[in-house]
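Below is one structure, written out as structure tokens, with a few remarks after it.
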Amino acid sequence: MSEVIKQQGLTGNPVRTSTPSIDSPKAQLGMLLFFNKALSGNLDVACASCHHPLLGGGDNLSLSVGVDAADPDLLGHGRVVGGNQAIGVPRNAPTTFNIGLWQQVMFHDGRVAQVTDGITTPDKDFPRVDPLAGRNLVHAQARFPITSVAEMRGKQFDKHGTAQSCREALAGRLGGYQKAPKALQKAATRYWLDAFRQAYNSPTASPKALITEQNIAEVLAEYQRSQVFVNNPWRSYINGDLDAINTTAKQGALLFFKGRDQGGYACASCHRGDFFTDEGFHNILLPPLGPGKAAQEGGATQLDLGRFLVTQREEDKFRFRTPSLLNVEVTGPWGHNGAYTSLDAMVAHMLHPFNGAIYYDSAQLRQPNVQTQHLRENIREILRSNSDLSGQGYEEQHVRQLVAFLQTLTDPCTRKKECIGKWVPTAERQDPMGLQLNARFSD
Ligand code: HEC
Ligand code: HEC
């Protein structure tokens, strides 16, 4: 194994940039905002509704439910869209854990990306850089969920506006300096002004100068970038504690890293390095389900064209970003649309994507109302596409061994309430309007 570790250049430490502490003033303010429904058009969704630290930085759903939830404060499988409406969010919420470690791309399709002269975002035609993207990828990303109709904006808020006018209207509403629907009470805008003045150490700054869409994105990013969870048994093992992982996991590690010519599966050809990703895009034939995301609104049904939507290059159809596998055990369901609800099934798919797609059984979905009407024809369609990984026969026990290895990538903090609780505001910190999400969880 030490040879494999050397060959792969692994140190166990994926952190390449400096990240803030959760105790820093900006991360603390970011936490309050991340958990507050005031950033959504209809005051009903917070970032934490879909990225809750007690749910592995996700929502435990295949497809996220944002606006119009039957019960906005309920998370887990009981979270459903109210009023008999269909699920509107086409993709699985990735974890925010270790989000600050990405160097190149955000989102399943990489539509926010670091390039030589700046950061590209959907606000500019690809690949032009966005001058308002901010200092880092996480800041750039944080400006988008609030503009998404299905995630946070809702159908009515700043209805005919642009993404930028929506952001500014939300900031103006939070600071109480701009007229907007569902205005906040004076006590609430005062609460936010005090919080921003404290975090920015600017006791006399005006709301308009301080509570800006840029500063909101900055502190949301500081909070998320503080979620570094990289102390796992695999790292201890690399650093010399040979008993940190068991024999099954060691067998799995060899299968994961070794090439096909050496009896392995070369998983690390894509899930590379200490962060377990090449930050590249590959078509691994994940079964298409959910509302889908096509080039044109109302285009193909329930298909998601992935990276193609950004680059418009034919070869990028159905390609998605290689996820990091750190903490993967706690971030299910898996795949860009949560098609797999057990890690075993996901790993079996990766061993033989072609068969995985053909024999996919949607009965495993644990969330009601996920759209699967076109599943069979869509699977046929992706099977005709250019897969980047066809797979091969494999031994059943290899699934168990690979899963055992993946489980050694879990930082114990992510599963302990007293540890992860540092990233969840206490109920006592509730704002004057009661808009802080103090979530209830269903199974
Ligand atoms: C309705 C659920 C929902 C809400 C609310 C939501 N997100 Fe997300 N988030 C998602 C989904 C789904 C994706 C993946 C979208 C895609 O890749 O196209 C995502 C992607 C992300 C990513 C990129 C992760 C990665 O690995 O690239 C970050 C970071 C993030 N969200 C942060 C936030 C922040 C900050 C907020 C609040 C301002 C927020 N989210 C609100 C569902 C949600
Ligand atoms: C050709 C590149 C490539 C190879 C090789 C590869 N993967 Fe992946 N893997 C991906 C991509 C891309 C995704 C995301 C696909 C999607 O969401 O549609 C993924 C997803 C996953 C996921 C789900 C992660 C999540 O957060 O949803 C797991 C687990 C996984 N791979 C494990 C493995 C294992 C184990 C192997 C080796 C048997 C392997 N992968 C080989 C590219 C690869």
Side-chain angles (χ1 to χ4, degrees), residues 30 33-34 36-37 39-40 45-51 57-59 61 63-67 69 88-100 102 105-112 137-148 150-152 170 216-217 220-221 223-225 252 255-257 264-272 276-278 280-288 293 304 306-307 309 318-325 327-329 331-340 343 346-353 387-389 391 394 398-399 402-403 405-406:
L33 281 172
F34 195 84
N36 206 282
K37 293 176 277 190
L39 284 185
S40 65
V45 195
C47 304
S49 306
C50 303
H51 300 283
D59 53 12
L61 293 172
L63 301 171
S64 292
V65 173
V67 299
V89 178
R91 291 180 179 164
N92 177 265
T95 182
T96 52
F97 293 174
N98 296 329
I99 198 72
W102 291 92
V105 279
M106 294 274 98
F107 286 121
H108 292 295
D109 53 16
R111 63 188 182 276
V112 166
L137 286 171
V138 188
H139 175 132
Q141 195 286 335
R143 300 174 64 244
F144 287 89
I146 55 177
T147 70
S148 156
E151 287 186 5
M152 295 178 81
L170 286 166
I216 290 171
L220 285 172
Y223 164 68
Q224 295 177 88
R225 284 169 5 94
L255 294 171
F256 189 92
F257 289 108
Y265 296 104
C267 307
S269 63
C270 299
H271 298 284
R272 188 182 301 151
F276 290 88
T277 172
D278 57 359
F281 302 88
H282 310 277
N283 176 357
I284 55 114
L285 305 178
L286 204 78
K293 195 167 165 127
D304 184 336
R307 183 66 178 157
L309 297 173
F318 309 120
R319 282 185 170 153
F320 293 88
R321 185 189 63 178
T322 310
S324 164
L325 297 177
N327 304 307
V328 67
E329 182 188 10
T331 63
W334 294 271
H336 68 265
N337 56 13
Y340 287 102
L343 197 48
M346 182 73 222
V347 167
H349 179 97
M350 296 310 297
L351 287 169
H352 205 314
S387 162
D388 295 309
L389 185 65
Y394 60 89
H398 290 174
V399 175
L402 283 162
V403 168
F405 167 60
L406 295 178

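Since we're looking at a predicted model, the values are computed, not measured. Heavy atoms only: backbone and side chains are in, while hydrogens, waters and symmetry mates are out. All ligand and atom numbering here is 1-based and tracks the order in the structure.
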H271 atom (N/O/S) at minimal separation from atom 8 (Fe) of ligand 2: NE2
Any chance you could measure D278, atom CG, to T322, atom OG1, to the nearest 0.5 Å? 4.0 Å
For ligand 1, which atoms sit closer than 4.0 Å to a heavy atom of G66? 1 (C)
When every non-hydrogen atom of M152 is compared with those of P145, the smallest separation belongs to CB-O, 3.5 Å
Decide yes or no for V347 and L406: does some side-chain heavy atom of the first lie under 4.5 Å from some side-chain heavy atom of the second? yes
Whether I99 lies under 4.0 Å from ligand 1, heavy atom: yes
For the residue pair H336 and H108, categorise the inter-ring angle as parallel (less than 30°), tilted (30 to 60°) or perpendicular (more than 60°). perpendicular
R91 and ligand 1 - part of the residue with a heavy-atom distance under 4.0 Å: both
All heavy atoms of L309 vs all of K293, minimum pair found to be CD1-O, 3.4 Å
Identify, for atom 12 (C) of ligand 2, the protein heavy atom at the shortest distance, and state residue, atom and that distance. F320 O, 3.3 Å
Is the contact between V89 and ligand 1 made by the side chain, the backbone, both, or neither, using heavy atoms and a 4.0 Å cut-off? side chain
Considering non-hydrogen atoms of the protein only, which is the closest contact for atom 38 (C) of ligand 2, and what is the distance? C267 SG, 2.7 Å
Residue, atom name and distance, where the atom is the protein heavy atom closest to atom 28 (C) of ligand 2: L325 CD2, 3.7 Å
Would you call the rings of F256 and F405 parallel, tilted or perpendicular, where under 30° means parallel and over 60° means perpendicular? tilted
Just to be sure I read this right, does ligand 1 sit under 4.0 Å from the backbone of K293, its side chain, both, or neither, counting only heavy atoms? neither
Out of G280, C270, P323, whose heavy atom is nearest to atom 11 (C) of ligand 2? P323
Would you say the side chain of S324 lies within less than 4.5 Å of the side chain of W102, judging by non-hydrogen atoms? yes
Given that the side chain starts at C-beta and the backbone is N, CA, C, O, which of these parts of M346 lies under 4.0 Å from ligand 2, counting heavy atoms, or is it both or neither? side chain
Any sub-3.5 Å donor-acceptor pair from H51's side-chain atoms to P94's backbone N or O? yes
What protein heavy atom is closest to atom 6 (C) of ligand 2, reported as residue, atom name and distance in Å? M350 CE, 3.4 Å
Protein contact of atom 35 (C) of ligand 1 - nearest heavy atom, named by residue and atom, plus distance: Q224 NE2, 3.2 Å
With rounding to the nearest 0.5 angstrom, report the CZ to CZ distance, R307 to R321. 11.0 Å
Identity of the nearest option to atom 16 (C) of ligand 1, non-hydrogen atoms only, from F34, F144, W102, F107: F107
Any idea which protein heavy atom is nearest atom 18 (O) of ligand 2, and the distance to it? H336 ND1, 2.6 Å
Would you say that L63 contacts V89 through its side chain, given a criterion of any heavy-atom pair below 4.5 Å between the two side chains? no
Using distance alone, decide if ligand 1 has a nitrogen or oxygen within less than 3.5 Å of any nitrogen or oxygen in N92. no
For L351, the ligand 2 atoms whose distance to one of its heavy atoms is below 4.0 Å: 38 (C)
About how many Å separate CG of L286 and CG of N337, when rounded to the nearest 0.5 Å? 5.0 Å
Closer than 4.0 Å to some heavy atom of V45 - which atoms of ligand 1 meet that? 5 (C)
Can you find a non-hydrogen atom of V138 under 4.0 Å from ligand 1? no
Side chain or backbone of A46 under 4.0 Å from ligand 1, or both, or neither, by non-hydrogen atoms? backbone
Of all the atoms in ligand 1, which lie at a distance below 4.0 Å from a heavy atom belonging to M152? 5 (C), 37 (C), 38 (C), 41 (C)
Could you check whether any side-chain heavy atom of Y394 comes within less than 4.5 Å of a side-chain heavy atom of L255, counting everything from C-beta outward? no
Please write down residue, atom name and distance for the protein heavy atom closest to atom 1 (C) of ligand 1. C50 SG, 2.8 Å
Would you mind running through ligand 2 and noting each atom that sits below 4.0 Å from a heavy atom of L286? 18 (O)
Among all protein heavy atoms in this structure, tell me which lies nearest to atom 41 (C) of ligand 1, with the distance rounded to 0.1 Å. P145 CB, 3.5 Å
Would H108 count as a contact of ligand 2 if the rule is a heavy atom under 4.0 Å away? no
Testing M350, M346, H349 one by one against W334 for a side-chain contact (heavy atoms from CB on, under 4.5 Å), which residue passes? M346
Should P287 and Y340 count as side-chain neighbours, where that means a heavy-atom distance under 4.5 Å? yes
Between the candidates C47, P94, S148, which shows the shortest non-hydrogen contact distance to atom 34 (C) of ligand 1? C47
Which heavy atom of Y223 sits nearest a heavy atom of G30, and at what distance? CB-C, 3.6 Å
Heavy-atom distance to atom 25 (C) of ligand 1: which of Q141, M106, R321 wins? R321
Measure the shortest side-chain to side-chain distance between I216 and L170 over non-hydrogen atoms and say whether it is less than 4.5 angstrom. no
What protein heavy atom lies closest to atom 27 (O) of ligand 2? Include the residue and the distance to one decimal. G335 N, 2.7 Å
Under 3.5 Å between any N/O of R111 and any N/O of ligand 1: does that happen in this structure? yes
As a quick check of understanding, evaluate salt bridge (charged side-chain N to carboxylate O under 4.0 Å, His left out) for D109 and R91, giving each step before the final call. CA-CA 11 Å; D109 53 16; R91 291 180 179 164; 2.9 Å; yes
Please state which protein non-hydrogen atom is closest to atom 7 (N) of ligand 1 and give its distance, to 0.1 Å? H51 NE2, 2.9 Å
Near S269 (heavy-atom distance under 4.0 Å), the atoms of ligand 2 are 5 (C)
For ligand 2, the portion of L255 having any non-hydrogen atom under 4.0 Å away: neither
Check whether any side-chain heavy atom of P323 sits under 4.5 Å from a side-chain heavy atom of V328, and report yes or no. no
